[in-house]
Amino acid sequence: MCPPVGRRYHAAGTESGPPSPGGGAYGRASASPGSCTRASAVLNQPPHTLSPNDKIVSAMTVVTRFAPSPTGYLHIGGGRTALFNWLFAKRHGGKFLLRIEDTDRARSTQAAVDALLDGLSWLELNWDGEAVSQFERKDRHAEVAREMLANGHAYYCYATPEELEALREEQKAKGLPTRYDGRWRDRHPSEAPAGTKPVIRLKAPQAGETVVHDKVQGTVTVQNTQLDDMILLRSDGTPTYLLAVVVDDHDMGVTHVIRGDDHLTNTFRQLQIYHAMGWTPPEFAHVPLIHGPDGAKLSKRHGALAIDAYRDMGFLPETMRNYLLRLGWGHGDDEIISTAQAIEWFNLEGIGRSPSRLDFAKMENLNAHYIREAEDTRLVALTTPFVEQKLGRALIEAERDRFLRSIPGFKPRVKTLVELADGALFLFRARPLPLDEKAAAQLNAEARGQLATLAEKFAGLNDWTAAAVEQVVRDFAEAGGLKLGKVAQPLRAALTGSTVSPPIFEVAEILGKDETLSRMEDVKNGP
RNA sequence: GUCCCCAUCGUCUAGAGGCCUAGGACACCAGCCUUUCACGUUGGCAGCACGGGUUCGAAUCCCGUUGGGGACGCCA
């Protein structure tokens with residue numbers, strides 16, 4: 001019952017490297033290590049509650065897959081595709097499979113595979129079973145190609161790459177579409193030139209049309225004259241992408257193929273393979289691509305696009321899930337959508353048909369929201385690596401505690417974990433604190449004099465709490481006929497080295513009496 | 001070049017012929033709050049690409065134009 005899968009990639013483990021700040025601290029979604037659970041487990045799925053318009057889907061168990069090629073890193077578009085597949089599977093109580101499309105041996109690297117798994121794990125998109133290596137299934141692909149050969153749907157082609165290149169050039173020069181001309185379609189292999197290894201090509205229909213009923217794009221039709229006889233098996237016996245995808249999707253029982261728009265035109269050719277094999281094709285849903293902020297195609301030039309780059313920029317995985325979900329998918333006016341809610345709501349109908357652009361400002365705004373919602377201890381765990389990197393040393397226990405107590409003050413003030421780390425640095429810096437320009441300007445002679453007096457009052461304070469400190473400062477300001485800010489700002493400058501920080505009385509409490517007085521002492525004689 | 005897809009505020013989107021004087025969110029601007037900065041809150045700016053149809057009525061349906069994007073490999 002189990003499809004013949006070859007070597008499998010294991011889900012990213014917690015040991016997968018100590019990469020970027022925060023790397024080791026993140027929890028990992030791990031795929032269940034079970035073996036082949038597909039056939040049996042699928043049949044035992046409890047009936048899922050579905051809304052009326054899901055009848056067709058509920059009739060079968062949903063199986064989706066994410067099939068990246070390990071030639072680069074998991075970028076944000078791939079992340080969204082994975083998310084959609086994952087959500088759709090979860091929504092219908094189905095399976096979300098992962099297949100690594102590594103048939104191009106020259107370009108596939110283990111590092112890229114690791115990065116892919118790591119990226120998915122960070123996004124907490126856990127896949128069912130183990131990741132399948134497409135390359136390991138090459139024998140099965142070849143078997144299917146031979147089957148098509150046998151049933152007359154494919155043929156050997158002895159044209160060399162050079163010959164085909166020349167053909168393309170010629171067609172291009174004449175302004176014709178570049179297509180294989182079928183020169184070996186009806187020739188007998190006995191005419192084959194000696195020493196040339198043939199490829200196997202699909203004998204595609206030359207008349208009529210091929211139609212895709214896409215769940216996102218609608219019905220799309222193409223004339224078969226537009227499609228040429230694609231290569232199924234290369235001369236070295238390895239499968240091409242088009243063959244491999246179809247065979248794997250079929251064997252893995254994939255019911256819904258949700259993927260990038262760039263595959264829409266491939267779908268026609270894939271459909272021809274399904275037809276040649278007499279297989280029932282899955283449902284297709286082609287999601288429009290994501291563009292960079294300038295509307296152009298997403299590329300490295302647009303800055304950090306690999307998923308782990310967003311982690312390094314201090315984004316939370318739940319932020320990415322929410323943001324990516326809303327990028328190209330909508331549910332009325334809802335903006336803040338938890339993952340649990342997304343699983344309940346996600347559908348193919350809600351996917352938009354037009355490409356969308358990345359908007360970092362919105363992503364940051366969402367991140368700020370999720371930071372405010374996050375547990376303090378979790379934020380400390382996630383942000384400590386950033387802090388330690390900036391500090392150039394590890395935090396000691398007491399400092400981590402100090403950090404933890406400061407989190408509530410930072411929550412409404414930061415948009416990313418990096419901002420949190422930057423903002424919190426003053427808590428750990430060795431005295432005397434470096435002062436930024438504005439802070440230094442606050443500490444003029446007059447302010448220093450006031451601070452000295454204030455320090456004396458602080459010294460007499462036994463109950464060192466934010467409220468007590470505040471009372472002292474307020475009384476002091478009132479007595480001197482000063483506005484509170486007139487005193488609070490210099491105090492902030494002395495305690496934080498900056499003019500921007502969480503409420504300064506809270507800061508004083510967190511710093512403690514001794515540290516507070518010491519920092520005030522430090523600026524006594526001027527910045 | 002050939003084929004395919006797309007088109008609502010700057011951005012993400014709601015919109016299934018009358019509920020649209022086009023709604024929400026982010027960003028931006030202003031007010032309030034305030035020990036700083038934020039958060040919060042109130043208000044504001046801002047859009048149906050263009051041209052033809054169809055219809056009593058079109059952001060919504062049809063055609064064209066323009067503008068974007070994608071695919072045309074022994075890559076995936």
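In the text below, chain A, chain B and the rest are named by the order of the sequence lines, each starting its count at 1.
B:C33 and B:C39: their C1' atoms are spaced 11 Å apart (whole Å).
Dashed line: the shortest gap from a side-chain N or O of A:N365 to OP1 or OP2 of B:A25 is not under 4.0 Å.
Taking A:Y241 as the reference, A:H263 meet the ring-ring contact (aromatic ring centres under 6.0 Å, His included) condition, with sequence neighbours excluded. Qualifying side chain to side chain donor-acceptor pair (under 3.5 Å) partners for A:Y155, counting only residues two or more places apart in sequence or in other chains: A:D229. In this view, A:H369 satisfies the ring-ring contact (aromatic ring centres under 6.0 Å, His included) rule with no residue, not counting sequence neighbours. Checked against side chain to side chain donor-acceptor pair (under 3.5 Å), A:H141 has the following partners two or more places apart in sequence or in another chain: A:D248. Not a single salt bridge (Lys or Arg N to Asp or Glu O under 4.0 Å) links A:K172 to another residue, sequence neighbours left out. In this view, A:R519 and A:E515 satisfy the side chain to side chain donor-acceptor pair (under 3.5 Å) rule, not counting sequence neighbours. Partners of A:D139 under the side chain to side chain donor-acceptor pair (under 3.5 Å) rule, at least two apart in sequence or in another chain, do not exist in this structure.
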So which protein nitrogen or oxygen atoms get under 3.5 Å of nucleotides 62-67 of chain B's nitrogens or oxygens?
none

Could you list all N or O pairs between the protein and nucleotides 11-17 of chain B that sit under 3.5 Å apart?
| unit_1 | atom_1 | unit_2 | atom_2 | d |
| --- | --- | --- | --- | --- |
| B:C12 | OP1 | A:R357 | N | 2.9 |
| B:C12 | O2' | A:R326 | O | 2.9 |
| B:C12 | O2 | A:K362 | NZ | 3.1 |
| B:U13 | OP1 | A:G328 | N | 2.5 |

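Residue pairs satisfying the salt bridge (charged side-chain N to carboxylate O under 4.0 Å, His left out) criterion with at least one member in residues 472-484 of chain A, sequence neighbours excluded, are listed as follows: A:E470-A:R474.
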List the protein contact pattern of nucleotides 40-49 of chain B with one symbol per nucleotide (5' to 3'): B for base contact, S for sugar-phosphate-only contact, - for none; contact means a heavy-atom distance under 4.0 Å.
-> S---------
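Of the two residues contacting RNA chain B, namely A:T221 and A:L176, the nearest-nucleotide position lying further toward the 5' end is that of A:L176.
Contacts of residues 487-494 of chain A with RNA chain B (heavy atom under 4.0 Å): A:A488, A:Q489, A:R492.
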